[in-house]
Structures are given as C-alpha cells and as structure tokens.
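In this chain, residues are counted from 1 in sequence order. Just the heavy atoms: all of them, side chains too, but no hydrogens, waters or symmetry mates, feed the values below. Quantities reported herein were computed from a predicted structural model and do not represent experimental measurements.
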Amino acid sequence: MNDLIAKTGTSAAAYTSSMRRQKESCEILFGNTSIPIVVDERLRQIDNGPQYTGMKFDLGKRDYLAFIDKPFPKGEFLQGLRGKSSRVPG
C-alpha cells in the first residue's frame with residue numbers, strides 16, 4: 001500500500017464503519033500509511049438482528065425477501081438502508 005501511495009501521491013482518507021471486522025480490514029490496509037482512517041457510523045451495514053447475524057447467506061436467503069417491507073426480528077428493515085446510505089458523503 002505504501003508503494004501505491006508513493007506512486008499516486010494521494011492524501012485521501014480511508015472511510016470505514018465502526019463494525020469491528022471492517023475497522024480491522026481498514027487497519028490492515030491503511031494502518032501503516034499516511035492515509036487517515038475515518039470511522040463513520042453511517043457506513044454500517046443493515047442490522048439483520050440476532051437471528052440472522054452471522055448466518056451464511058444460503059441458510060437465510062429463503063427468509064430474506066420477507067423482510068423488504070418489514071424489519072428483521074430485533075433488527076432493521078431493508079427500506080431503511082436506502083435512507084441511511086443516501087446520507088453517506090460521496
């Protein structure tokens with residue numbers, strides 16, 4: 001990554017959500033560079049609720065479409081993601 005920064009001369013920022021795995025990935029990629037890491041809550045993915053969080057997609061896909069117009073049990077609903085993503089700077 002340092003070679004890429006040296007070649008391009010970029011001073012951009014790396015944006016990540018506050019989710020642990022996303023922050024860890026950002027640290028791996030940009031932690032030893034001059035690029036600042038910016039944590040932004042608006043970049044969090046949809047909250048599928050405890051029943052579906054961590055579930056492999058193949059196991060949950062038959063239920064997934066049922067939650068387009070209503071929230072996941074103890075989670076968010078897909079329509080709400082549209083509003084959240086429209087507030088992300090870009």
Atom CG of N32 and atom CD of E27: how far apart are they, to the nearest 0.5 Å?
8.5 Å
Looking only at heavy atoms, what is the nearest atom pair of T16 and K23, with distance?
OG1-N, 3.7 Å
Do you know the tightest heavy-atom contact between P73 and P50?
O-CD, 3.8 Å
Mind checking what makes side-chain hydrogen bond (donor to acceptor under 3.5 Å, both in side chains) contact with R21, not counting sequence neighbours?
Q45
I37 reachable from L29 in the ILVMFWY side-chain graph, under 4.5 Å edges:
yes
Taking only residues two or more places apart in sequence, or in another chain, which ones meet S25 in a side-chain hydrogen bond (donor to acceptor under 3.5 Å, both in side chains)?
none
Smallest separation among heavy atoms of A14 and I35, with atom names
N-CG2, 3.5 Å
